[in-house]
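Below: one structure, written as structure tokens.
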Protein chains: 2
Amino acid sequence: MSYKDKKVISIGAVSELTGLSVRKIRYYEERKLVFPERTDGGTRKYSFNDVERLMEIANKIEDGMQTFEIKEAERKALKKEKVRNQMLRGQLNAAFRMRK
Amino acid sequence: MSYKDKKVISIGAVSELTGLSVRKIRYYEERKLVFPERTDGGTRKYSFNDVERLMEIANKIEDGMQTFEIKEAERKALKKEKVRNQMLRGQLNAAFRMRK
DNA sequence: CGTGTAAGGAATTCTGACACG
DNA sequence: CGTGTAAGGAATTCTGACACG
């Protein structure tokens, strides 16, 4: 796991990095778009990946997309990727069998 | 500037990452071995580079080195590097003049 | 729906000092 | 010298709610 995945950034720093209000950042979590970790005391900790993600989300929101649409678009993108991977694997297996 | 240089990690998170007590971390700053930034409110913010640096410092301390020795060793290493660069530049210049 | 804000409380961090060795 | 700790205070963050639209 790289530095980009370490959950170590407090919400205040995330707000500085992204330019988003802490209210927005917490709201996007409520809508299941980001998943910070928590300290024992309950304060949120984000990774640089989360920061990048939040900036993408902010862009989409600005474009008028709603939070549930963002989630849905991701779901579909994921599904598409899975299908693609399945196909690739199928092709590879077929090619491999041909060689025997 | 990469993620490793962004000063975004609070002292508590640094303590978790390094295993050092916050007392130690603050002390190494007092001895001019690390240089966190501060928020407007005065809370320290470290980078991943600072975290790596602190772990190296901790190793040297464990080996019995004192803080001022660590600083001195660094000063010397820096100087040595400068001299080396000077020499390299000199060689390159000489070689370049030969070609004319 | 997305976001601001005031409210009250809890977690986090800060500094300067004393202690020990 | 390097580090722990108790002390008092300030900065940061948390949640749930009301507001507006």
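Letters A, B, ... are given to chains in the order of the sequence lines, protein chains preceding strands, and every chain is numbered from 1.
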query = With respect to the phosphate group of D:dT15, does any side-chain polar atom (N or O) of A:Arg38 fall under 4.0 Å of OP1 or OP2?
reply = yes
task = Assess whether atom NZ of B:Lys32 is packed by more than 12 heavy atoms of other residues, nucleotides or ligands within 6.0 Å.
result = no
query = Side chain of B:Ser15, backbone of B:Leu20: donor and acceptor closer than 3.5 Å?
reply = yes
query = What residue pairs, at least two apart or across chains, pass ring-ring contact (aromatic ring centres under 6.0 Å, His included) with a residue in residues 61-83 of chain B?
reply = none
key: Candidate pair B:Phe48 and A:Tyr3, rule ring-ring contact (aromatic ring centres under 6.0 Å, His included), full reasoning   = CA-CA 8 Å; B:Phe48 279 113; A:Tyr3 284 135; 4.3 Å; yes
request  = Take the protein atom CZ of B:Arg26 and the nucleotide atom P of C:dT15, then report the distance between them rounded to whole Å.
outcome  = 7 Å
ask   = To the nearest angstrom, how far is A:Glu30 atom CD from D:dC14 atom C1'?
value = 14 Å
B:Lys79 and B:Glu72 ion-paired at < 4.0 Å = no
query = Is any side-chain N or O of B:Tyr27 closer than 4.0 Å to OP1 or OP2 of D:dT3?
reply = no
task = Rounded off to whole Å, could you give me the NZ-to-P distance for the B:Lys24 and C:dC14 pair?
result = 18 Å
key: Shortest non-hydrogen contact between B:Val34 and B:Ile25, atoms and distance   = CG2-O, 4.3 Å
query = Do you know the tightest heavy-atom contact between B:Phe35 and B:Asp50?
reply = O-OD2, 4.5 Å
task = Using the salt bridge (charged side-chain N to carboxylate O under 4.0 Å, His left out) rule, pick out the option among A:Arg23, A:Lys24, A:Arg44 that qualifies with A:Glu29.
result = A:Arg44
Please list, for nucleotides 17-20 of chain C, all pairs of protein and nucleotide N/O atoms separated by less than 3.5 Å.
none

ask   = By a strict heavy-atom criterion of less than 4.0 Å, which residues belonging to residues 40-78 of chain A are in contact with DNA chain D?
value = A:Gly42, A:Thr43, A:Arg44
Spacing of A:Thr18 atom OG1 and A:Leu54 atom CG [to the nearest 0.5 Å] = 6.0 Å
message = Would you say A:Tyr28 places a side-chain N or O within less than 4.0 Å of OP1 or OP2 belonging to C:dG2?
response = no
ask   = NZ of A:Lys80 to CZ of A:Arg75: how many Å apart, nearest 0.5 Å?
value = 12.0 Å
query = Which pairs pass salt bridge (charged side-chain N to carboxylate O under 4.0 Å, His left out) with one or both residues in residues 53-62 of chain A, sequence neighbours excluded?
reply = A:Arg53-A:Glu74
key: Minimum heavy-atom distance between B:Glu69 and B:Gly64, given as atom pair plus value   = OE1-O, 4.1 Å
ask   = Nearest-Å distance, CZ (A:Arg31) to P (C:dT3)?
value = 11 Å
task = Report the secondary structure of DNA chain C in dot-bracket form, marking unpaired bases with a dot and bases paired to a different strand with |, and treating Watson-Crick or G-U pairs with both distances under 3.5 Å as paired.
result = .||||.||.|.|.||.||||.
ask   = Between residues 8-17 of chain A and DNA chain D, which residues have a heavy-atom gap below 4.0 Å?
value = A:Ser10, A:Ile11, A:Gly12
task = Return yes when atom NZ of B:Lys45 has more than 12 non-hydrogen atoms of other residues, nucleotides or ligands closer than 6.0 Å, and no otherwise.
result = yes
